[in-house]
Structures are given as structure tokens and as C-alpha cells.
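Order of the sequence lines sets the chain letters (A, B, ...), proteins ahead of strands, with each chain counted from 1. These numbers come from the heavy atoms of this one structure, side chains and all, not from hydrogens, waters or symmetry mates.
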Amino acid sequence: MHSGIARALFELLSSMRFAIALLTILSIASVVGTVVRQNEPFNAYLNQFGPFWFPVFEKLGLYSVYNAGWFLVILAFLVLSTTLCIVRQTAPMLREMRSFRERAREASLRSFAHRASLVPAVPEADAVARAQAYLAHAGFASRVADNGEGTLLAARQGSAGRIGYFLAHGAIVLICVGGLLDGNLPLRLQVWLGDKHTTAGNQLIADIPESARLGTGNPSFRGDVFIPEGRTTSFAVLGLGDGILLQELPFNVALDKFHIEHYENGMPKRFASDIRVTDRSSGETTRHTIEVNHPLTVDGITLYQSSFEDGGSKLAIRARSLLPGRPGVLREIEGVVGESLAFGDAAAGFAYTLEFTDFKAFNVEDMSGTRAAEGEEGEAAARGMDKLQRHLGSGAKGSEVRDLRNIGPSFTFKLRDAAGQAREFHNYMLPIEQDGRWFLYTGLRDAQADAFRYMRIPLDEDGRVDAWFAIRDRLLDPAQRDTLVGRFAARSFPAGRGQDAMRAALVQSARQTLGLFAEKGYETLGGFIEQSVPEAERGQAADVLVRILQGLAFEAWALHRESAGEPAPELNPARATFLNDSIAAISDSHFYGAPAWLQLDGFEERHATVLQATRSPGLPLVYLGALLLVLGVFAMLYIRERRLFVLVKPNEALVAMSSNRRALDVDETFRQHVEGLAAVLGAPVPASDLREGA
Amino acid sequence: MEIARPAPAPSPTPTGPAPAHPLPGVLPAALPPRTPLMRRLDAFDWLYALALVLGAAFALVRYHPVMDVYDDLILVLHVPVLAVIGWHWKPFRAFLAAVALLALASIALYQGELARAEQTFLLKYLISSQTAIMWMSALIFIATGAYWLGLVGRSDFGERTGSALTWIAATMGTTGLFVRWYESYLLGPEIGHIPISNLYEVFVLFALMTALLYLYYEGRYATRRMGAFVMIVISAAVAFLLWYTFTRDAHEIQPLIPALQSYWMKVHVPTNFIGYGAFAVSAMVGTAYLLAERGILATRLPTLRVLEDVMYKAIAIGFAFFTIATILGALWAAEAWGTYWQWDPKETWALIVWLNYATWLHMRLTKGLRGAVLAWWAVVGLLVTTFAFVGVNMFLTGLHSYGAL
Ligand code: HEM
């Protein structure tokens, strides 16, 4: 009874139908991990799935499907089933490979799909010899047996194909076992059995407890080695779930220099790390360069170029105040990427932590977007043949005008308030040209998942940024409001022309406009119009307000220049555009959310390389498996096993053939052999019944 | 039939192993030769082989400065491989010769200057890379039409035209890729690379491979009636290619990002596309099978047995090459990313494709599961393959960054 169940289980697991089911299940299971992005930080999942589904999916292991228990169970079934299949097939297959089936009966030969009856012209004994010679010549191994019905020649060919079965299916077991050794199962076993615990990633190496450290003896791991230029490390960081473990390496790695090279069009061309490896026991040092696609193996550990980061570039920064009534530079800051400092001012009532997160010396962008309108017209003009023409010729050119430009260095930082809320900023060092105007770009976002929204600070005609700050300060500072409004009204309605009443009215509305604009820029102005002006007159009212605003901004600019001893500007179209850009940026600056704009004055770049260090004990198994798999698959699919029987009787030679793969070429082969045999036996070739189904 | 020299009567051993060569004298010359290939070779075959050797030698000498040892090795290995293909499949020799002539003519016309693509009539309108690929695209569409006319209108002429045009299309496409390879070096020695590095280039490769595999089966089974179906999938690929060219300017040659600067790419990608091409053929033949089984076009299409056989042959060759391709990909990943397998979506989908066809092959070995089920499965297989090929790049993110749409 018991053994009956075991037997049935064995039959099931080793059956072809089970194999088909298993392969299908494995395919479907694999899909899951390609739909959910794998091994992201946990709070990214929390954002994506919400607080209800997040823990459910975590329990199901969806964030690391291919290491999840249920997935490993399916793989284990594949290994088990393939192994059992091999076990079950071994004896019969070996028997098949050795046997000639020389005991085949005439009745069974006559029921073969491929059979033919020849009438030899030579005596029986002669016919046997000739058929035998033919079989040897055609590459068959054969046996002769007298089975009572006649002389049976049992021949076979291509039995080696069966070895392919063992090679390919054995290879699958090898590859799975090797892959398991190199996966994170060994690591998880150590955590489980060796009482190790993962720890949080954001701490100093010295603070990481002993329970989260793995010794150099660890047989299998894969982790990141982070080294800033000029520094040395001897650790790799292994991620496991939401925590990390620290893997000690048997050597020290120092980064001398990290290289980034670009092609002319800005695409990356080469990433390379010049490193020094020092063996800790012998003290011996060797120099190497690691590049993408050119790893280095030391002590059984392979180091690969995985990525790079900023390694603590030094930034010289000037914080230009955005606080109304406090123009000028708030502070000069010496920042280091990856570090943070306190940024506060008791008088102004703000206190932030300033965290420098990244620096890039190059930013290559496609600046053709600004010419999109032009491009579209061109597109409409080029139709039909013209358009085709543009795509003929060499593959060297695109038909679009792309304008790739290096727009210079940029850096990112976060301002974190006392409550821990952070806002991230992305500032460019150099101004960027757009339609002949120059702007300094500064981007902001509240969440990592958002795109940066950019504020464009316009430069004046001399390429200075001061003008904008001065205009802004005067427009937003209540203390300067009366002066501005007064000058504006006086310029519009000069004294002594009997326009006093109109001037008073203008002062009134200019003061109101400025008051509204100082609150939230265009937003408050727009709200005001919506509330107080009937719908039909809104467009006109908005026009008036904007013109007042432009006039005020012009006064602010003139005041600024006068105070610097420069002549007041004459208004022209370029300057009017500058004022419009300025007002737009001032309006945006209400939502900037920082007390200052951080201007990058200088930098000293420093890269850090991220290498991946792996020790993979399963690698030889997997590579051997891969080789056997290819050999096995080709053998199974392309070595054709054929069995040819010739039963020689006094007046007949019965020819029959069998094959283990029912393919069409069996017909053809059989016909050739029948013709060959007929030739040596001097028999006429039978007309039909050669082909199955013919 | 006369037997030249009757042998003396042997004393047949009643049982036991047969001697290795009993009575060598009895075999008449009329027998099919034991090693058929080598002896079946005629003067043309040897001329072809000689041309391959000379061509390879010429390339080795001429382009030595830009080739590393792996390139040399691959080039040399191509000689026996192409020789054997040409010996087994005669029309391939003419195809290769035409490609070689056109590509060399194009290179000669370029005289090392890219600008000549705009100035020289033959380059601009025939054999610069883009133009050649445009010719391929146009010819593929016309060939599809011709095959369908042939099939529906029961016209041999239509089918012969389709076949000839497909051959020319494949010739133009292959020439286009070779010339593109050359053009990339004209852009700058550091930019030059084999044109199989982005989605645009591999789509051309896919169209070529599928067409050539189909043409092989067309010759092998001596029927042009499957062409109408197979050409549909090639036309679809070409339609995509054109859309990609005209709306995205995808044909512009781009330099290689560091991750792709590897000799593994040169072997991994083409191997993969033998797989994709073969799977595409099997699916379209599967479609023909399903129609014929329902009596649609049944009198025009080859018999179900032939269709089933082509389907099997295509999946077998596709599976074998896809196995190699996936392994080569793993070896490459080990070198570039530090691990041979990391369940990147592209890798995972390659595995799914592979498992799918392994399942198909097992189903065929299982009694009862034949015919329609297998044909349906092959059609679904193409959907899975297409997703692995383009869908992953469109919908999923991963390390295979080169293929984004
Ligand atoms: C990833 C897993 C597997 C792969 C890639 C694979 C591959 C193959 C291939 C390519 C063939 C040859 C098919 C043909 O000639 O048309 C084959 C045959 C076969 N497979 Fe698998 N197989 C796998 C798993 C299994 C499992 C789990 C079993 C058993 C439960 C199994 C049992 C067999 C058997 C019995 C044959 C027939 C062998 C013969 O008659 O020569 N396979 N396999």
C-alpha cells in the first residue's frame, strides 16, 4: 500500500505530462517578477501599492520573487522531477541503446508504418551477405539472427542521440544546483543558522554591529564596493530584504582615479576605475584598471565595474537671499556632496539641515525642444517623396536637427526642516540660452518620485543675475512699496498736467496690485480678478494689471541701476521681455520654498566608483551544465535514431524501419534504403506503400 | 539491375555480431555513397569555398587594424560554416556572392567619404545602407503580395515572383547591414561597430533571418505555398521598422555605450535572431496548419503532415539556437554585470520563451498531443516571443537599456 503510493508518486513526478505542467507553471511564475519591479527600496513599494497591499505583497515575496520560498519550491520540483525522470529512463534507455531487437517477429515487422517487400534475385544466403554489406556501408551496426521465420538482420544507427537525453536533462539539474549556490539562499541560511542580522544601510561602517558582519570565509556572496577617489576600503555591502550585511574582503581596494569619457554627442563612452589591490596577509599591492566588460578576479573574488557616484565633491556656494527686505548674500557655504550641515537664521526664523546629494560636472541635453515649433513647420512641408528622400543615403544622419549641448555642471541638495520634511533642489551652475535669452535654472520637487519643476531666473543684458534679485526684492518688500508706486504714477501722469485724480487712482490700484502680487504672485492676482470682475471684462482687467506690474518692475529695475550709479534703462522690446521673464520668475519664486537660492561658484570634483564583488562557487557547475545542455539538445534533436530490419526468407526480403522521432525525413530515408537494398539484392523497387500515409 | 561481381556464397553465421565489412566486393557503384556531401560537391562548390577563403584572407589583411583577436577568430570560423551552408543549400552561394559584390561596390563608391552617399547616384538610390534597407522593405511588401496572389489565384508565376523578390530583398537587407557597418567606421574609428546594437538594427536582422530561414524550407520541401503566411510576419516587422525610422529617426547610427562594447554581443545577438526568426516561421506555418485543417485553402496549401513537419523543424532549430543564445547572454552578463543570471526582465522573458518551446517539444513527444494543439501553441509562442523581443523594452524596465522605444 505504502509502496504503492510511492510508486504512483514516482510515476507522476517523472512523467512527461508532469514535465509539461511544470515547465508551464515555471514560465507563468517567472512572469510575476517582471511585472513588479524587483528589489527596490521598501518605501517605493509602500508609495506604489499603499498601506493595505504593501504588507500583503511583502508576505507573498513579490518584491524579490526569485528568492521567494514558493518560487524556490517550484525550482526544487523541476530538479526533483528531472532527476526522477533521468532515474526512470536510465535503464530502458541503456537497454534500447544496446539492444538490436533481433527477436522481432515477422508479424510485428509487417505492421510497421515503414515497410517494403523485395524479391531478391540472388539465393538466400547470398542475399543475407549482400544486405549485411549494405547495412555496414550505410553506417548501421547490425546483428544477424535466425528467428525461425528466416534470417533477420537487425540494424540500428544514431543511438548516441539517447546520450543527448542524459546530457541535456542532467545539465538542467547541474545548472539549477549551481544557480542555487550562487543565489542568496546561502546568505539566508547564514542569517538563519549563524544568528546574523541585517542592519540599516545609512550608518558608518564602524557603527555596524558584529552580528551584521560576514567574515572572509563566506563561500558565496554578491555585493557592492563603494570607493571614493583617494580612499581605500575592504568591505562589500550585501543587500538582503530591506537591510544590509557587511562582507569583509580578504584584500584592500583603493581607488586612484575614476574615468568617465563621452562621445562627441554626449553618450557615455567609457567608465573605468584605476585601482590598487593590497593583499592583507602578504601586503603585496597590484595595480589594475577595471572597466565595464573587463572585470578582475582576485582571490576567487571577481570585481566588476557596476556604476559610479559622486565621491564627495567639494562645492563652493553662495546663498543668495530670497527673503524680502533682506537682499544680498546670506552666507558663503563650503559643501561636500554626501554630507550635511545646519542652515538656519534665527532672525529670519528658519532652520534647515542642508544635505548635498549629488554633483555632475557635465550635463548633455538635447536643446532642440526650444525650436520645436520651427521643426514642426519643416515636418509639414516635407511630405511624400521629400520625406523618403531624407531617409535615403547613409545611416550616419538623422533627419531631425538635434541640438546636443553640454549645459555645464549641476548639483542637487535637500533642505530638511525641523519636522524632517525635505524638499529637493537641482541647480545649474551656468546660465542656459533659450531663444537668445539667458536663464539660470533651478529645479525643485517634494518627492523623489516627482520630476523636477524648474524656475528660470533671467539674466540682464549684461549677463548678471543681480538685477532679478534687486527687482524681486523691491517688488515684494512692503517697505519699498510707496516709493515704487510713487515713481510709477509720476512717470505715467507727470505732475502739473491736471491729471492728479487719475494719478491718485493709479496709485491706488498699483498699491493694490503690488499687495496682491506680493502674496502669491499671479495666483493671487488671478483669484482677485475672478472674484471681483464680471466674466466679460476679465481679460481686459488682467491686461491692465499686467501692464501696471510691468511698469512697477521697470521702476524697480531703474531704481536698482540708479543706486549702482548706472543710467536708467530705455525701454525696448528686449528689455520688456526681460521684465516679463523677471515677473514670471518672481511669481514662481513664491512657491520655491527655500529662503535662498544656492549659487554654485566653484567645485572640486571627486568621483566614487561602485564595484560589484562576487564569489560564485556555482559558476563551474553552471558553465559545465551549459556546455552539456547545448551538446545534449543538439544530439537529441539532430542525431536521428533509425532501426532497419531486413528479414530474408527464401523468396522475400522484408524491409522495415522505425524511428524515435516521427518526422517527414524518415519517409525519404526509408525510400533510399529500400532502393539501396533492392539494388544490392537485384530486386525491382516496389512501386508504392513506401510512405506512411501515401 | 546488374551486379558487377557476384560474391562467392558465404557461410552465414546464424547469430552473433556481424563482421565490420563483410564482403566489400558486393557493393555496386550505383549505391548511394556513404559520405554523400563531399563527393557530391562540384566545381562550383569548390570555387565557392575558394572564394570564401580568399574573401576571409582579404578581409583579414585589409581590415586588420580595426579587428581584435576575437574578430579574427570569428571571421575565420565563418569560412567553414558558410561553406557547409552553401554546400547544403545551393542558392545560398549566389546570395552570398551578390551580397559581397554589392557591399564591396558600395564601399568602393564611398571612397572613404560619408558625404558621397548624397552625391553618388548609385549610393543615394541603391546601395547606401539606408537606401538598401528601404529597398528591402519595399521588396518584402511586394513579395508578400505576390505570394498571396500566387496562393489565392492559384498562380505558379505569382509564387515564383514572390520567391525571387524575397531573395532580392534579403540580399538588399544584408548588403544594407554590411554597408552600415562600414559607414559607422566612417563616422569615426571609435564609433564603428557591428550593426546589431539597437532595436532598429536588430529588426532588419530579424526580417533577414526570417526570410532566409523561410527560403531554406521553401527549397527543402519544394513548395512555395507557405510563403504567403511567413511573409506576413516579415511584413509586420518591416512595417514596424519603417514606422520606427520615419517617426523616431531610429536609423541614425549611434556609438556604443560601454555595456555593449563586448565581443559577446557579436555572437549573442545573431544567435538570438536565428531563434526568433525560426519561431516566427513556425508560428506562421502553424497558422497555415490551422486554416488547412478547417478546410480553408486546404487544396492549395501543402499537406498537414508537411506543415506539421516544417513547424517541428523550425522550432527544433529555433530552440537549439535560442539555447545557445541564452547561454551566450549569460556568459556576457557574467562579464558585464558581474553575474550570469539576475532575473532582469529581458533575461526572464528569454527564459519564458525557452521554457515555452521546451514544453512544445515535450508535448510533441507525448502521445495524443499533436496537430492542432501544437499549431495553436506555436502561434501563442510567437506572441510570447514578440513580447520578449519588443514588449519588454516597451513595458518593463531593466538593464537591457539599448532597446527602449
Ligand atoms: C527545463 C527543462 C527541460 C528541458 C529544456 C528539456 C528539453 C528536452 C528536449 C529539447 C528534448 C528533445 C525533444 C525532441 O527531441 O523533440 C527532451 C526530451 C525529453 N524530455 Fe525533457 N527537458 C526538460 C525537462 C524535462 C523533465 C522535467 C522531464 C521529465 C519529467 C523530461 C523528460 C523528457 C523525456 C522523457 C524526453 C524524451 C527523450 C527521448 O525520447 O529521447 N524533460 N527534453
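- Annotation: the span from F271(A) atom CZ to Q261(B) atom CD amounts to 9.5 Å, rounded to 0.5 Å.
- From K313(B), atom NZ reaches atom CG of L637(A) across 11.0 Å, with rounding to the nearest 0.5 Å.
- Neither the backbone nor the side chain of T302(A) comes within contact range of chain B; no heavy atoms are under 4.5 Å apart.
- Annotation: the span from F634(A) atom CZ to F321(B) atom CZ amounts to 4.5 Å, rounded to 0.5 Å.
- Between R220(B) and D665(A), no side-chain nitrogen of the basic residue sits less than 4.0 Å from a carboxylate oxygen of the acidic one, so the salt-bridge criterion is not met.
- Looking at Y263(A), its side chain does come within 3.5 Å of a backbone N or O of L256(B) through a donor-acceptor pair.
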From CA spacing to verdict: side-chain hydrogen bond (donor to acceptor under 3.5 Å, both in side chains), N293(A), Y263(B) | CA-CA 9 Å; N293(A) 277 312; Y263(B) 50 84; over 6 Å; no
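- Ring pair W343(B)/F71(A) is perpendicular by interplanar angle, where above 60° counts as perpendicular and below 30° as parallel.
- For Q305(A), the part sitting under 4.5 Å from any heavy atom of chain B is the backbone (N, CA, C, O) and nothing else.
- Using a 4.5 Å cut-off between heavy atoms, R270(A) touches chain B through its backbone atoms (N, CA, C, O) alone.
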Given the rule in the side-chain hydrogen bond (donor to acceptor under 3.5 Å, both in side chains) test, do T34(A) and W349(B) qualify, once you have shown the distances and angles that lead to the verdict?
-> CA-CA 8 Å; T34(A) 66; W349(B) 274 92; 3.0 Å; yes
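- The distance from the OH atom of Y304(A) to the OG1 atom of T339(B) is 7.5 Å, given to the nearest 0.5 Å.
- The distance from the CG atom of L186(B) to the OG atom of S394(A) is 8.5 Å, given to the nearest 0.5 Å.
- In this structure, CG on L664(A) lies 7.0 Å from OG1 on T303(B), to the nearest 0.5 angstrom.
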